[in-house]
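As structure tokens, the structure follows; a few thoughts come after it.
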Amino acid sequence: MSLPFALSIGPLLYFWPRETLLHFYAGVAESPATTVVLGETVCARRHEMKLADWLDLGRDLAAAGKEVLLATQALIESEADLRLLRRIAEQSEFGIEAGDASALNLLEQAGLPFVLGPHINVYSRAALQEYQAMGATRWVAPVELSLDAVGQVNAGGTALPTEVFAHGRLPLAFSARCFTARHHRLSKDQCEFRCRDDADGLLLSTGEGQPFLVLNGIQTQSAATQCLLGERERLQAAGVSRLRLSPAAGNFERVIAAFDAVMNQGAPVAAWLQELAAGAPPGGLANGFAHGEPGLAWRWRAA
Amino acid sequence: MIRKPELVCPAGSLRALKLAIDAGADAVYLGLKNATNARNFAGLNFDDAQLREGVAYAHGRGRQVLMALNTYARADDAGPWYAAVDAAVRLGADALIVGDIAVMAYARRVHPQLRLHLSVQASATSHEAIALYQRRYGIQRAVLPRVLTLSQVGHVLRHTGVEIEVFGFGSLCVMVEGRCALSSYATGQSPNNAGVCSPPAHVRWIEHRDGVEARLNGLLIDHYAPDEARGYPTLCKGRFDVAGQRDYALEEPTSLNTLAILPELMRLGVKAIKIEGRQRSPAYVEQVTRVWRQAIDAAAVAPDRFRVDPGWTAALGHLAEGQQHTLGAYDRPWR
């Protein structure tokens with residue numbers, strides 16, 4: 001029996017020391033996840049892992065039986081960014097998750113198939129068909145799309161294999177400005193790589209102490225951890241076949257275990273949800289986008 | 001004398017359109033009264049009759065009307081977006097400003113003669129990205145997101161045959177346009193899905209003895225002392241706590257103003273300069289247009305002797321958000 005939901009490990013969005021990162025992926029290699037997306041998608045200045053290092057890591061994960069994809073940077077600003085992109089497009093060992101239109105242009109012209117990353121805007125069936133014509137073989141829905149809309153865009157799952165962002169702090173926005181550096185009164189060019197100090201990003205709270213957002217370099221994330229563990233039936237109804245779990249510092253193996261147990265082994269959700277809520281970083285859980293509500297909303301009622 | 005970029009000004013209403021044209025805009029941009037454009041606010045924008053009249057007014061004076069159709073067609077009904085493309089052609093708009101490839105594909109198929117400008121909402125930040133839209137959809141101009149330095153803008157220009165339009169003045173969007181879900185995270189509505197950011201319907205002002213709270217869907221975005229100037233609670237321009245520091249963690253309430261680098265932008269070959277602000281009053285649009293008309297004309301005649309007239313700065317400063325200006329991402333230290 002094929003799994004109803006394949007589990008994908010999204011690209012690591014934070015800047016972790018190399019040892020921490022390699023230890024993390026060693027754990028992933030042993031996990032029930034089927035797909036691992038590698039590469040630096042947030043900041044071009046983070047280069048502790050060069051492309052050759054990612055390729056090495058990819059080979060290890062492939063040897064452990066994982067499908068490996070290389071993701072391209074979401075925000076392309078310089079010719080150096082484009083050079084890295086071209087090198088990723090030219091390697092032939094792994095599939096590619098396209099991060100922006102620059103990648104799409106290269107990949108379509110090279111005649112290479114690709115996965116559409118979550119930062120490429122697909123809000124309608126017609127748009128998805130255009131990307132399919134360019135060579136998209138799978139798509140990760142934009143985070144603000146509701147599950148109803150996902151089902152409409154992908155024709156209930158019959159248009160293209162569909163992945164949604166199922167667990168982790170949501171990548172909500174990108175900027176030219178590095179907010180982590182700015183917080184430390186540093187310029188982006190001399191940032192001292194301070195984002196390495198924040199394994200799950202730097203928490204931003206409202207004036208009343210309510211966790212709201214997270215600063216992760218040029219990326220702004222949700223403070224709340226999106227969690228679709230309780231949405232099995234709605235995910236199926238929307239034709240979703242893959243769930244993206246976004247790497248986090250604490251307890252990630254339990255996150256994978258939870259999704260495998262609930263989504264694929266039919267384990268009851270309540271106890272697992274409780275565990276994931278207890279282990280989440282400040283901000284709690286959210287699933288509002290899935291319901292067509294503000295993304296930070298959380299709606300859960302035990303059946 | 002160097003080539004003058006077009007001055008592209010915002011028209012949230014017919015009155016703003018006429019004042020912008022009279023004050024020297026080469027083109028105005030506007031949207032329909034629905035979710036197909038990214039300034040979907042009550043009381044703004046054009047119905048068919050107003051658009052027809054606006055086009056007649058502009059064309060009668062040798063100017064152009066660009067129609068913004070720059071949100072993403074909805075999954076359950078893309079019809080209004082396609083109808084808006086048809087309306088642009090029927091009512092005589094000179095170009096469509098589009099962000100969604102579904103809309104581009106429709107326009108290209110049904111109205112191949114229609115000029116397409118790539119909206120800033122398409123997030124094309126490199127010449128490779130622009131090349132995709134040129135090759136597949138024949139776009140003739142691209143509006144750059146407000147994330148590139150001046151030298152990066154130059155690099156794009158040297159590697160594309162597509163006309164480049166950049167933002168010159170107005171509210172500063174700190175995030176890459178078309179890729180920001182902060183507003184929908186807080187309120188359910190965003191520029192991409194509803195054409196709004198930090199929508200007014202979710203804003204509450206709550207008076208206290210020690211000042212005023214500005215809330216967005218219940219979230220405290222800012223708190224003003226009784227004598228402090230208040231800004232609109234756009235959520236990326238609020239004051240928040242990060243590691244015990246209360247500050248404008250993302251951006252101050254400030255306006256982008258590129259007058260100081262206008263000759264450089266012109267030398268690079270920028271085809272058009274866009275003024276932000278369809279949500280602003282007709283009087284605002286008129287005053288900003290007048291200043292920029294003078295500045296572009298002066299820079300074209302003598303770029304090397306160009307100086308920002310203190311009168312212009314004073315006039316714009318009066319109109320700027322928080323009375324503050326920044327060069328934004330054009331200037332490296334901002335980043």
Side-chain angles (χ1 to χ4, degrees), chain A residues 74-79 81-82 85 100-102 104-106 108 119 121 123-127 130-131 134 142-145 148-150 152-153 170 172-179 182-183 187-189 202-210 212-213 215 220 222 288-289 292-296, chain B residues 72-76 78 99-102 105-106 122-126 128-129 131-133 135-136 146-149 152 155 174-176 178-182 184-188 190 192-193 217 219-223 236 238-243 245-246 249-251 328-329 332-335:
Chain A
L75 171 56
I76 300 283
E77 291 173 308
S78 68
E79 194 60 32
D81 296 345
L82 288 173
L85 179 59
D100 89 321
S102 319
L104 297 175
N105 190 48
L106 285 173
E108 186 192 4
H119 305 298
N121 285 329
Y123 286 79
S124 66
R125 174 93 54 87
E130 286 296 310
Y131 288 117
M134 291 179 207
V143 296
E144 70 173 13
L145 219 50
D148 287 344
V150 168
Q152 287 157 351
V153 172
L170 291 157
L172 295 174
F174 293 92
S175 176
R177 170 180 274 181
C178 176
F179 301 111
R182 179 173 148 88
H183 169 75
S187 77
K188 185 176 170 187
D189 291 340
L202 184 55
L203 182 66
L204 176 153
S205 301
T206 69
E208 296 173 306
Q210 180 181 353
F212 177 33
L213 301 173
L215 310 181
T220 306
S222 63
F289 281 140
E293 293 174 5
L296 50 66
Chain B
Y72 286 81
R74 284 177 61 101
D76 56 355
D100 183 347
I101 62 169
Y106 176 83
S123 326
T125 55
S126 78
E128 284 282 2
L132 176 84
Y133 299 103
R135 190 163 53 72
R136 284 193 65 96
R146 282 162 275 191
V147 294
L148 301 180
T149 61
Q152 287 167 344
H155 186 78
V174 192
M175 305 301 178
V176 186
R179 287 180 147 189
C180 180
L182 290 177
S184 52
Y185 180 66
T187 71
S190 74
N192 283 3
N193 71 19
N217 200 20
L219 292 155
L220 184 63
I221 300 299
D222 213 334
H223 184 279
C236 62
R239 277 179 288 194
F240 301 104
D241 287 336
V242 179
Q245 263 171 261
R246 179 172 185 257
L250 300 167
E251 176 61 291
R332 264 199 112 83
W334 178 86
R335 300 150 67 92

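Proteins get letters first, then strands, A, B, ... in listed order; numbering begins at 1 in each.
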Item to complete: Check the pair A/Ser102 / A/Asp100 against side-chain hydrogen bond (donor to acceptor under 3.5 Å, both in side chains), numbers first and verdict last.
Response: CA-CA 5 Å; A/Ser102 319; A/Asp100 89 321; 2.7 Å; yes

Worksheet item: Passes side-chain hydrogen bond (donor to acceptor under 3.5 Å, both in side chains), B/Glu128 versus A/Asn105? Steps please.
Response: CA-CA 6 Å; B/Glu128 284 282 2; A/Asn105 190 48; 2.7 Å; yes

Discussion item. Between A/Ser205 and A/Gln210, is the side-chain hydrogen bond (donor to acceptor under 3.5 Å, both in side chains) condition met? List the steps.
Written reply: CA-CA 5 Å; A/Ser205 301; A/Gln210 180 181 353; over 6 Å; no

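Heavy-atom pairs under 4.5 Å with chain B were tallied for A/Gln152, A/Glu208, A/Arg182; the largest tally goes to A/Arg182. Between chain A and the options B/Ala122, B/Ala243, B/Ala78, B/Ala249, heavy-atom pairs under 4.5 Å are most frequent for B/Ala249. Of the listed residues B/Ala75, B/Ser126, B/Ala186, B/Ala73, the one with more heavy-atom pairs under 4.5 angstrom with chain A than any other is B/Ala75. When each of A/Leu104, A/Asp189, A/Thr220, A/Leu170 is checked for heavy-atom pairs under 4.5 Å with chain B, A/Asp189 comes out on top. When B/Gln245, B/His223, B/Arg135, B/Gln152 are compared by the number of non-hydrogen pairs under 4.5 Å with chain A, B/Arg135 comes out ahead. By number of non-hydrogen pairs under 4.5 angstrom with chain A, the leading residue of B/Gly238, B/Ala131, B/Ala329 is B/Ala131. When each of A/Leu106, A/Asn121, A/Ile76 is scored by its heavy-atom pairs under 4.5 Å with chain B, the top score falls to A/Asn121. When A/Pro294, A/Gly295, A/Ala173, A/Ser187 are compared by the number of non-hydrogen pairs under 4.5 Å with chain B, A/Pro294 comes out ahead. Between chain A and the options B/Asp100, B/Leu219, B/Thr149, B/Ile221, the largest number of non-hydrogen pairs under 4.5 Å is found for B/Leu219. Ranked by heavy-atom pairs shorter than 4.5 Å toward chain B, the options A/Thr206, A/Val153, A/Val150, A/Leu172 are led by A/Leu172.
Counting heavy atoms from C-beta outward, B/Glu251 and B/Cys236 have side chains that stay 4.5 Å or more apart. Proximity of B/Asn192 to A/Tyr123: side-chain heavy atoms (C-beta onward) are separated by under 4.5 Å at one or more points. No side-chain heavy atom of B/Val147 sits less than 4.5 Å from a side-chain heavy atom of A/Arg177. Residues A/Phe179 and B/Val174 have side chains in contact (heavy-atom distance under 4.5 Å, counting atoms from C-beta outward). B/Met175 has its side chain within reach of B/Leu250: a pair of non-hydrogen atoms, C-beta onward, lies under 4.5 Å apart. Between A/Leu213 and B/Phe240 there is no side-chain heavy-atom pair separated by less than 4.5 Å.
A pairwise comparison of heavy atoms in B/Ala102 and A/Ala127 identifies CB-N, 3.6 Å as the closest pair.
Using a 4.0 Å cut-off between a side-chain N of Lys or Arg and a carboxylate O of Asp or Glu, B/Asp222 and B/Arg246 qualify as a salt bridge. We find that A/Lys188 and A/Glu77 are joined by a salt bridge, their nearest charged nitrogen and carboxylate oxygen being less than 4.0 Å apart.
Of the two parts of A/Arg125, neither the backbone nor the side chain holds a non-hydrogen atom closer than 4.5 Å to a non-hydrogen atom of chain B. When heavy atoms are compared at a cutoff of 4.5 Å, A/Leu202 approaches chain B solely by way of its side chain, counted from C-beta outward. In this structure, no portion of A/Leu145 lies under 4.5 Å from any heavy atom of chain B. Looking at B/His155, the atoms closer than 4.5 Å to chain A (heavy atoms on both sides) all sit in the side chain, from C-beta outward. Contacts between A/Leu85 and chain B at a heavy-atom distance below 4.5 Å are absent for every atom of the residue. Contact annotation for A/Leu82: only side-chain heavy atoms (C-beta onward) come within less than 4.5 Å of a heavy atom of chain B. When heavy atoms are compared at a cutoff of 4.5 Å, B/Leu220 approaches chain A by way of both its backbone and its side chain. Looking at B/Tyr133, only its side chain comes within 4.5 Å of chain A, counting heavy atoms on both sides. B/Asn217 touches chain A through its side chain: at least one heavy atom from C-beta onward sits under 4.5 Å away, while N, CA, C and O do not. Heavy-atom distances place no part of A/Asp81 under 4.5 Å from chain B, backbone and side chain included. For chain A, the nearby parts of B/Thr125 are the backbone and the side chain; heavy atoms of each come within less than 4.5 Å.
Ring planes of A/Phe174 and A/His119: perpendicular class, angle over 60° (limits at 30 and 60°).
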